[in-house]
There are 2 protein chains.
Amino acid sequence: MREKSGSGRIELDKTDLAILKILQLDNKTPQRRIAEAVHLSAPAVQRRIKRMEETGVIAGNAALIDPAKVGRAITLFVEVQMESERAEMFDDAKRLFSSVPEVQQCYYVTGDVDFILIVVVRTMAEYEVLTRRLFFENPNVKRFRTLVCMDRIKAGLTVPLG
Amino acid sequence: MREKSGSGRIELDKTDLAILKILQLDNKTPQRRIAEAVHLSAPAVQRRIKRMEETGVIAGNAALIDPAKVGRAITLFVEVQMESERAEMFDDAKRLFSSVPEVQQCYYVTGDVDFILIVVVRTMAEYEVLTRRLFFENPNVKRFRTLVCMDRIKAGLTVPLG
DNA sequence: GGTGAAAATACTACCTG
DNA sequence: CAGGTAGTATTTTCACC
């Protein structure tokens, strides 16, 4: 394998991208159907998929769940600003945010904001408990701003390819 | 089927949630293995999965792709504030943002910000072209703020269950 | 990368409580 | 109506070219 993890770029040809495009929409698509779409045999497709999984291009295979349907109706965006910029403090924050299941996505960003969190909860009461634990009781957090999601226009989990 | 789409909540028992938890991590897990995990037979699991797909609890099945590995190294968060709050203008904005492949996720939020966009591009030059088209040349956009993602701590596409 | 056979898996019909 | 069983069809996977 060329590169198991790491952030380096992997060489992908047009066929690989075409396969990814299909798998991104529906990874249950039979290799047979993918094969005829990209003018290849099923095993050839299979080998390419395997390689992309090994190199980390395909990071995982997941069923996409509608949060509202499982009673997790509330999505929140939280911009977090930290007190200092010490590396150690960031590691702590990363570990903390990662460990919370309600924190669906967490990004470290530039600018006056340090972290952006996408949080999914059942109720606002649940979120308030969370804010206490993550922000108010966290001395490293200077400030945080919450934006409440009213509508998910595009649920995006797909990466634009090509 | 109880409810094909719509945002109503679906009745799910402990077993359904256990199945979802597994499929969210890896939807290629054989029904046989899921079955023994939840103490059921494979066809029973199969029927439950089918029902959850029909009711929209499972919205889709996707391969998760690492943007960096396909040359889409740059993730940006854009907060967009609109000029007015007319419904028609929002519909236009939704359509516009949805139609752009680089806009991976788009949410309508409350507060002084109206939309949050998560944009994935290859280069900053590509983003600049996009900003012109989406924001500068769009009279409905009052203001926008871009936050550049430095690190994706948690790539979250999973919904906390239970 | 293709071919063909083998193994694993998903699906269906039918039966049972 | 939900689950189990057994058989069938599909799909994945492997050896070989």
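Everything numeric in this text was worked out from a predicted model, so none of it was measured. Proteins get letters first, then strands, A, B, ... in listed order; numbering begins at 1 in each.
- Contacts between residues 29-38 of chain B and DNA chain C, defined by a heavy-atom separation under 4.0 Å, are made by B:Pro30, B:Gln31.
- Using a 4.0 Å cut-off between charged nitrogen and carboxylate oxygen, A:Arg72 and A:Glu126 count as a salt-bridge pair.
- Distances shorter than 4.0 Å separate none of the side-chain N or O atoms of B:Arg51 from OP1 or OP2 on D:dA2.
- For the side chain to side chain contact (heavy atoms under 4.5 Å, CB included) criterion with B:Ile34, the lone passing option out of B:Val45, B:Asp26, B:Leu40 is B:Val45.
- Rounded to whole angstrom, the span from the CG atom of B:Asn27 across to the C1' atom of D:dT11 amounts to 15 Å.
- Separating the CG atom of A:Asp16 from the C1' atom of C:dG1 is a distance of 13 Å, rounded to the nearest angstrom.
- Atom NZ of B:Lys28 is separated from atom C1' of C:dA8 by 14 Å (rounded to the nearest Å).
- Under the side chain to side chain donor-acceptor pair (under 3.5 Å) criterion, A:Tyr108 pairs with no residue, sequence neighbours left out.
- For A:Phe115 and A:Phe144, the gap between ring centers reaches or exceeds 6.0 Å.
- A salt bridge does not link A:Arg143 with A:Asp112: every distance from a Lys NZ or Arg NE/NH1/NH2 to an Asp or Glu carboxylate oxygen is 4.0 Å or more.
- Looking at B:Asp91, its side chain never comes within 3.5 Å of a backbone N or O of B:Glu88 through a donor-acceptor pair.
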Just the table, please: protein N/O against nucleotides 2-4 of chain C N/O, every pair under 3.5 Å.
| unit_1 | atom_1 | unit_2 | atom_2 | d |
| --- | --- | --- | --- | --- |
| C:dG2 | OP2 | A:Ser41 | N | 2.9 |
| C:dG2 | OP2 | A:Ser41 | OG | 2.6 |
| C:dG2 | N7 | A:Arg47 | NH2 | 2.9 |
| C:dG2 | O6 | A:Arg47 | NH1 | 3.2 |
| C:dG2 | O6 | A:Arg47 | NH2 | 3.3 |

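- For the pair B:Arg152 and B:Asp66, the salt-bridge criterion is not met [side-chain N within less than 4.0 Å of a carboxylate O].
- The side chain of B:Gln46 contributes no N or O atom lying less than 4.0 Å from OP1 or OP2 of C:dA10.
- Checked against side chain to side chain donor-acceptor pair (under 3.5 Å), A:Lys28 has no partners two or more places apart in sequence or in another chain.
- Between the side chain of B:Lys69 and the main chain of A:Thr55, a donor-acceptor pair closer than 3.5 Å is present.
- Taken together, the paired segments of DNA chain D that extend over three or more consecutive Watson-Crick or G-U pairs, each closer than 3.5 Å at both contacts, are C:1-5 with D:13-17, C:7-17 with D:1-11.
- The nearest whole Å value for the distance from the NZ atom in B:Lys50 to the C1' atom in D:dC1 is 15 Å.
- Taking a 6.0 Å sphere around CZ of B:Arg145, one finds it holds more than 12 heavy atoms contributed by other residues, nucleotides or ligands.
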With a cut-off of 3.5 Å and sequence neighbours excluded, list every side-chain donor-acceptor pair involving residues 129-142 of chain B.
| unit_1 | atom_1 | unit_2 | atom_2 | d |
| --- | --- | --- | --- | --- |
| B:Thr131 | OG1 | B:Glu128 | O | 2.6 |
| B:Asn138 | OD1 | B:Asn140 | N | 3.0 |
| B:Asn138 | ND2 | B:Leu134 | O | 3.3 |

